[in-house]
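Contents: one structure, followed by commentary.
Heavy-atom basis, side chains included; hydrogens, waters and symmetry copies ignored. All chains are named by letter (A, B, ...) in the order of the sequence lines, taking the proteins before the strands, and each is independently numbered beginning at 1.
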Amino acid sequence: MSKILITSALPYINGVKHLGNLAGSMLPADVYARAMRLLGHEVLYICATDEHGTPAELAAQAEGEGTVAYCNAMHEAQKLAGEKFKLSYDYFGRSSSASNHKLTQHFANILEEKGLIEERISQQVYSNADGRFLPDRYVEGECPNCGFEKARGDQCDGCGKLLDPIDLIEPYSAVSGSKDVEIRDTNHLYLKQSVLSDDLKGWVNKAEGWPHLASSIANKWLAEGLRDRSITRDLKWGIPVLNRDGSVREGFEGKVFYVWFDAPIAYIAATQDWAAENGKDWKTWWRTDEGAENTKYVQFMGKDNVAFHTLSFPTTILGSGESWKLVDRLKAFNWVTWYGGKFSTSQKRGVFMDQALDIAPSDYWRWHLIANAPESSDTAFTWDEFQLSVNSDLANVLGNFVNRITKYACGKFEGKVPEGGEITAAEEWLLEELSKRIPMLINYYETREFRKAMAETRAIWAAGNEYLTQAAPWTHYKTNIKQAAMGVRIGLNLVSLFGILAQPIIPDAAAKILDAMNISENNRSWNFGSLEKISYLVNTLPIGHEINSPEVLFPKIEDDDVEIWTKKFKGSD
RNA sequence: GGUGGGGUAGCUCAGCUGGUUAGAGCGCAGGACUCAUAAUCCUGAGGUCGUGAGUUCAAGUCUCACUCUCACUACCA
């Protein structure tokens, strides 16, 4: 029993997220959070929308809305999408909240007091037509290397060469197309990461339970040497740069903090908002001098976010010299790809969270995405694979098991858990199987090995089918009803066990199963683990306990459906 | 260009610090059963572990080179 703080990388405000975003941080964090709650841990799962930065301003502009109105609407849309996917956030906040403004400014000020912030002048492209500075990738022009005409200021899509916007021939604004652009001097705050390099190295080396992917990315950056990083931008939308007394810092009118400075701080700020709204104490989660030293902090993210979570944010925390909680365990994912290519919001390639639920129930997506989580490499999403895992694993193995035994129990035993029968080799085999597999399953959840946890879950479901084959109550029924009762009784206990085990992954179907089995809410947790308790699991329903046969849990995905979706979503283009 | 991840049965992936006949699921073939969403259960076929060298008594597992692929490369987030 321990306190576990969980965060998933903040989804950017710029549109409803696609399945790749979902699969790479929010969904696994949710599954982990649910499993840890079932195991009796005190869990706090925090997420929020990441709302600042140029893309948010431009997206709002494109929609013809003010930035604040746009973010309000998109925050609600993302919150709703999360709810529909059954993401069990304890709090879904916003990086634009008042608390985050305050906390971000606090961190900036204390870092400055520690001598870790420096003001420097740099050159940046300014677009007169747009009336704004442009981030490198929003400047386009001809590539000086290969002549590609739509090279971006940071990198050429034609030849892949890294560029500086100054190098571009005939540069123009990617926002308006205007060629009226110029280089201007601009002053910004730089966080002196280089000073903290050794502290970070020490911390990263001590880290345990990080995937290979995460530690290798962190070490790579450290080996190259951390550069000081600018933490402000020339933008209107964001957190203003204020002095301790609340006045705007001189020379920083019209500037805000860089989103990657304030976004991770929003993990803390969102916790403060959660505490304020629920009468809770946020400090026991985040302040190691006020109870958080015993909290385990677990972060979930895609591989693109690893550097920010292993280096940038820890720099902020360590540099403050204050007693803030650092991440303990970190889970990084590769990408889910769309038929091997990138999901793309702007090109509308792939399936997005809101569309997905018009196609299939959230349980289907949750199972498929977690069972095929991109843990060791990128994983291609295809409709065929989706159909396969849903039909085979959910419909055939689990759904059919529940259906066959509950229907039989209702047909032959009046829907009541029957009494009698002798223990045979079938029951002994089953118990051995469960006492081997359930501890493994729990271990996989604890170590956040999702594919393995799903494979184990599936194997446990399959063991139920195999048990029924061995016990064959329908055969015994002709000669020995008591022995048939044994198979049915164990089978019904398995149904409720399967429902209990399925809760983190497919919460809706699990609830349907447990409701049909008349299992009360307080008997759905995972307080098992010892072998005695596991043997009790298959004999826990009272004799005479009434059960129902639920409606078909997982209607199958038909070939016609796949064909329609493939056409609608245009496969691999 | 640099760095990192990945390249293992038709497909998706396991294989820890090198050690008997390289594993799972799906798919495929055959069989069993008939309680069930024609579901389930059993058996089987199928792999020179990206390529080429090297280290070792022994390499999918270590080293080097090459190759394909994906990502990151600090001002998109």
Requested in this report: Starting from P on U73(B), measure out to CG on D164(A) and report it in whole angstrom.
Outcome: 16 Å
Query raised in the report: Between C75(B), C35(B), U37(B), which nucleotide gets closest to the side-chain atoms of P135(A)?
Result: C75(B)
Query raised in the report: Which part of the nucleic acid does Y477(A) contact within heavy-atom distance under 4.0 Å: base, sugar-phosphate only, or nothing?
Result: nothing
Query raised in the report: C75(B) base to Q124(A) side chain: any donor-acceptor pair below 3.5 Å?
Result: yes
Report task. Would you indicate which nucleotide in C76(B), C72(B), U12(B) comes nearest to any side-chain atom of E385(A)? Result -> U12(B)
Requested in this report: Return yes if the base of A74(B) and the side-chain atoms of R227(A) contain a donor-acceptor N/O pair under 3.5 Å, otherwise no.
Outcome: yes
Query raised in the report: Is there a Watson-Crick or G-U wobble partner for C72(B) with both distances under 3.5 Å, and which nucleotide is it?
Result: G2(B)
Report task. Answer with base, sugar-phosphate or nothing: what part of the nucleic acid does Q470(A) contact at a heavy-atom distance below 4.0 Å? Result -> nothing
**Report entry** Length of the line joining M454(A):CE and U12(B):C1', which is rounded to integer Å
**Finding:** 16 Å
Query raised in the report: What's the CG-C1' distance between N465(A) and U34(B), to the nearest Å?
Result: 14 Å
**Report entry** Nucleotide opposite U20(B) in a Watson-Crick or G-U pair, distances under 3.5 Å
**Finding:** none
Query raised in the report: Which part of the nucleic acid, if any, lies within contact of A455(A), taking any heavy atom under 4.0 Å across all strands shown: a base, the sugar-phosphate backbone alone, or nothing?
Result: nothing
**Report entry** Selected nucleotide, minimal atom distance to K407(A) side chain, candidates G25(B), A36(B), A14(B)
**Finding:** A36(B)
Report task. Could you tell me whether S312(A) contacts a base, only the sugar-phosphate backbone, or nothing, with contacts defined as non-hydrogen atoms closer than 4.0 Å? Result -> nothing
Report summary line: Quick note, T469(A) side chain, CB onward, closest among C75(B), C76(B), U40(B) is U40(B)
Report summary line: Quick note, D304(A) side chain, CB onward, closest among A77(B), C13(B), A74(B) is A77(B)
Query - Pair K436(A) + E432(A), salt bridge at N-O below 4.0 Å - result: no
Query raised in the report: If you measure from the Lys or Arg side-chain nitrogens to the Asp or Glu carboxylate oxygens, is any gap between D378(A) and K303(A) under 4.0 Å?
Result: yes
Query raised in the report: Considering only side-chain heavy atoms of N403(A), which listed nucleotide, U40(B), C75(B), U37(B), is closest?
Result: U37(B)
Requested in this report: Look at R120(A) together with E118(A) and state whether they make a salt bridge at an N to O cut-off of under 4.0 Å.
Outcome: yes
**Report entry** Protein-nucleotide distance (I405(A), atom CD1; A36(B), atom P), rounded to Å
**Finding:** 11 Å
**Report entry** Closest to the Q155(A) side chain, choosing from U73(B), C33(B), C75(B)
**Finding:** U73(B)
Query raised in the report: Does S377(A) make a side-chain donor-acceptor contact with the base of C13(B), cut-off 3.5 Å?
Result: no
Query raised in the report: What nucleotide, of G4(B), C72(B), C75(B), holds the atom closest to the side chain of S216(A)?
Result: G4(B)
Requested in this report: If the plane angle is over 60° it's perpendicular, under 30° parallel, otherwise tilted; pick one for H18(A) and F343(A).
Outcome: parallel
Query raised in the report: Under 4.0 angstrom, heavy atoms only, what part of the nucleic acid is K303(A) near: base, sugar-phosphate, or nothing?
Result: sugar-phosphate
Query - Watson-Crick or G-U counterpart of G25(B), or none if no pair lies under 3.5 Å - result: C11(B)
Report summary line: Tested for side chain to side chain contact (heavy atoms under 4.5 Å, CB included) against P171(A), the lone hit among V181(A), I183(A), V125(A), I166(A) is V181(A)
Query raised in the report: Of the nucleotides C75(B), U40(B), C76(B), which has the atom closest to the V397(A) side chain?
Result: U40(B)
Query raised in the report: With both distances under 3.5 angstrom, what nucleotide forms a Watson-Crick or G-U wobble pair with U40(B)?
Result: A32(B)
Query raised in the report: What do you reckon, is CD of E551(A) surrounded by more than 12 foreign heavy atoms closer than 6.0 Å?
Result: no
Query raised in the report: Whole-Å distance between C11(B) P and N391(A) CG?
Result: 21 Å
Query raised in the report: Can you tell me the Watson-Crick or wobble partner of G47(B), both distances under 3.5 angstrom?
Result: none
Query raised in the report: Using the rule for Phe, Tyr, His and the six-membered ring of Trp, do Y408(A) and C35(B) stack at under 5.5 Å and under 30°?
Result: no
Query raised in the report: Counting side-chain heavy atoms from CB outward, which of C26(B), A77(B), A71(B) is closest to L388(A)?
Result: C26(B)
Query - Value in whole Å for how far the P atom of U40(B) lies from CD of E466(A) - result: 13 Å
Requested in this report: Could you verify whether a donor N or O on one side chain and an acceptor N or O on the other, from H75(A) and Y70(A), lie under 3.5 Å apart?
Outcome: no
Query raised in the report: Side-chain donor or acceptor of N400(A) under 3.5 Å from a matching atom on the base of A36(B)?
Result: yes
Report task. Remember a base hit wins even if backbone is also touched, and classify A380(A) as base, sugar-phosphate or nothing at under 4.0 Å, heavy atoms. Result -> nothing
